[in-house]
Undergrad: 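Take a look at the following structure, please.
Just the heavy atoms: all of them, side chains too, but no hydrogens, waters or symmetry mates, feed the values below. In this chain, numbering begins with 1 at the start of the sequence shown.
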Amino acid sequence: MHLNLPLLDRLQGARSVLIAGIGGGYDVFCGLPIYLELRRLGLQVHLANYGFSDIAGCAHGTRLSPTLVGVRADHEDIYPYFPEYYLARWLARSLGEDIPVWAFHKTGAQPLTANYAQLVEHLAVDALVLVDGGVDSLMRGDEAETGTLVEDSISMAAVRTLAHIRTKLQVCVGMGAERDMAHAQVFENIAALAAEDAFLGSCSFTRGMPVVRQYLEAVREVHAQPFHDPSVINASVSSAVDGHFGDHHATDKTRGSRLWISPLMPILWCFDFDAVARRNLVLDVVQPSQTFREALMDVAHHMSRMTRRPYSRVGLP
């Protein structure tokens, strides 16, 4: 059984595809099944991540700028937090190849824009698939609750400047894993994208798919690293793939909180990026930012003056 990606028609003829985690942390792991499936189909594919790791201080890998490095598994070390390194190490062990995971330091939109332009040129990228672990990248900014949309918006602001990239897509996985979200309004936003023909379809991660089994293995391996902070989103998606439901905790990190594991979590929702970006009300706010803190403060100020859309909780908690 193979992953039945709704993106394949859009990627026909692409010579170099970049799959990039946009919200930080472990988002790149959520794109691993897509990466493995596109490789199986013979496409040239690369991985990148807008991360929380200390990329500027990284002493290893292929550095393209002070805040952009291709992390490799060519050394052995223990890090308290470095998902990109542990993914590169898993790729080297599992696929037998020295595959860099390109990592962007957590900057504002202006440095990230320059880094994206440099990486796209370096890899001759002509198609981008942006991956969000969770669904807050679908928030416009005027919802009753918006999750942590600043990181996603910084990445989206950078990517929308790449006008010469012919194909830009956005995918989300982990519906329901984020608790500070107006999920009814997420579905309202998806419906609005569907009305623009910008919702491209969905598919599910299941254990019958070899690429998903590899993804589960990679998540388990990085979570087993000593002193390493696990990913709530990927742990939740993995739990749902394994058939758990409700308040199931795969890591000690979530003990004491209430989870809502469900079959919605392993669904991959696929969209036209440009349409999602046009609907986002904070991209212009973060676009001039040099640092993440600057973007965060500007968005907080902007949203404090914004009229929020009212909603009632329907269907999801």
Undergrad: Would Glu97 and Arg39 count as a side-chain contact (heavy atoms from CB on, under 4.5 Å) if you check the C-alpha gap in whole Å, the side-chain angles of each, and the deciding distance to 0.1 Å?
TA: CA-CA 13 Å; Glu97 300 177 38; Arg39 275 178 55 104; 2.6 Å; yes
Undergrad: Which pairs with one or both residues in residues 122-136 pass side chain to side chain donor-acceptor pair (under 3.5 Å), sequence neighbours excluded?
TA: Asp132-Ser137, Asp136-Thr148
Undergrad: Below 3.5 Å, can you tabulate the donor-acceptor pairs from side chains in residues 197-214 to any protein atom, sequence neighbours excluded?
TA:
from   : atom 1 : to     : atom 2 : distance (Å)
Arg213 : NH1    : Arg207 : O      : 2.9

Undergrad: Answer yes if the side chains of Asp27 and Tyr50 hold a donor-acceptor pair under 3.5 Å, and no otherwise.
TA: no
Undergrad: Identify whether the distance between the nearest side-chain nitrogen and carboxylate oxygen of Arg279 and Asp142 falls below 4.0 Å.
TA: no
Undergrad: Counting C-beta onward and ignoring hydrogens, is there a side-chain heavy-atom pair between Val28 and Tyr35 closer than 4.5 Å?
TA: no
Undergrad: Would you say the side-chain atoms of Asn189 pair up with the backbone N or O of Leu138, donor to acceptor, closer than 3.5 Å?
TA: yes
Undergrad: With no hydrogens and no angle check, do the side chains of His46 and Ser16 hold a donor and an acceptor under 3.5 Å apart?
TA: yes
Undergrad: More than 12 heavy atoms of other residues, nucleotides or ligands under 6.0 Å from CE of Met306: yes or no?
TA: yes
Undergrad: Taking atom CE of Met303 and atom CG of Leu281, what is their separation to the nearest 0.5 Å?
TA: 9.0 Å
Undergrad: Looking only at heavy atoms, what is the nearest atom pair of Asp272 and Arg10, with distance?
TA: OD1-NH1, 3.2 Å
Undergrad: Any chance you could measure Phe29, atom CZ, to Leu87, atom CG, to the nearest 0.5 Å?
TA: 4.5 Å
Undergrad: Which heavy atom of Ala240 sits nearest to which heavy atom of Met265, and what is that distance?
TA: CB-CB, 3.9 Å
Undergrad: Would you call Glu37 and Arg40 a salt bridge, using N to O less than 4.0 angstrom?
TA: yes
Undergrad: Could you pull out the closest heavy-atom pair between Ala73 and Arg89, with the gap in Å?
TA: CB-CA, 3.4 Å
Undergrad: Determine the minimum heavy-atom distance between Thr113 and Gln287, stating which atoms define it.
TA: OG1-NE2, 3.9 Å
Undergrad: Is the backbone N or O of Ala56 less than 3.5 Å from a side-chain atom of His105, with the two atoms forming a donor-acceptor pair by type?
TA: yes
Undergrad: Does Leu130 reach the side chain of Asp152, with side-chain heavy atoms less than 4.5 Å apart?
TA: no
Undergrad: Using side-chain heavy atoms (C-beta onward) and a distance below 4.5 Å, is Ile154 in contact with Phe292?
TA: yes
Undergrad: Could you tell me the separation between the CZ atom of Arg160 and the CZ atom of Phe273, rounded to the nearest 0.5 Å?
TA: 8.0 Å
Undergrad: Taking it one step at a time, do Met175 and Phe187 satisfy side-chain contact (heavy atoms from CB on, under 4.5 Å)?
TA: CA-CA 10 Å; Met175 175 79 74; Phe187 287 118; 3.9 Å; yes
Undergrad: State whether the number of non-hydrogen atoms from other residues, nucleotides or ligands found under 6.0 Å of Arg293 atom CZ is greater than 12.
TA: no
Undergrad: Please assess Leu119 against Phe104 for the test side-chain contact (heavy atoms from CB on, under 4.5 Å), listing each intermediate value before the final yes or no.
TA: CA-CA 10 Å; Leu119 184 59; Phe104 302 108; 3.7 Å; yes
Undergrad: Strictly distance-based, threshold 3.5 Å: is any side-chain N or O of Glu188 a donor or acceptor partner for the main-chain N or O of Ala184?
TA: no
Undergrad: Measure the shortest side-chain to side-chain distance between Leu64 and Trp102 over non-hydrogen atoms and say whether it is less than 4.5 angstrom.
TA: yes
Undergrad: Would you compute the distance between atom CG of Leu3 and atom CG of Leu5 and round it to the nearest 0.5 angstrom?
TA: 4.0 Å
Undergrad: Supply the atom-to-atom distance Thr62 OG1 to Asp98 CG, rounded to the nearest 0.5 angstrom.
TA: 8.0 Å
Undergrad: Please check this pair: side chain of Ser289 against backbone of Val286, looking for a donor-acceptor N/O pair closer than 3.5 Å.
TA: yes
Undergrad: Counting N and O atoms only, with roles assigned by atom type, does the side chain of Ser65 sit under 3.5 Å from a partner on the main chain of Thr67, one being a donor and the other an acceptor?
TA: yes
Undergrad: Could you tell me whether the side chain of His164 reaches within less than 4.5 Å of the side chain of Val120, counting heavy atoms only?
TA: yes
Undergrad: Side chains of Gln185 and Arg140: donor-acceptor distance under 3.5 Å anywhere?
TA: no
Undergrad: Looking at side-chain heavy atoms only, is the closest gap between Val299 and Ser153 below 4.5 Å?
TA: no
Undergrad: Which heavy atom in Val237 sits nearest to a heavy atom in Pro266, and how many Å separate them?
TA: CG1-CA, 4.2 Å
Undergrad: Which value, rounded to the nearest 0.5 Å, describes the distance between Tyr81 atom OH and Gln225 atom CD?
TA: 13.5 Å
Undergrad: Among Ile34, Ile19, Leu18, Val131, find the one that has a side-chain contact (heavy atoms from CB on, under 4.5 Å) with Leu47.
TA: Ile19
Undergrad: After noting the C-alpha distance and the side-chain angles of Val129 and Val171, does the key distance pass the side-chain contact (heavy atoms from CB on, under 4.5 Å) rule?
TA: CA-CA 7 Å; Val129 180; Val171 301; 4.2 Å; yes
Undergrad: Does CD in Glu121 sit with more than 12 non-hydrogen atoms of other residues, nucleotides or ligands closer than 6.0 Å?
TA: no
Undergrad: Could you check if a side-chain atom of Phe245 sits within less than 4.5 angstrom of a side-chain atom of Pro263, using non-hydrogen atoms only?
TA: yes
Undergrad: Measure across Ile165 and Lys168 and return the closest heavy-atom pair with its distance rounded to 0.1 Å.
TA: CG2-CG, 3.8 Å
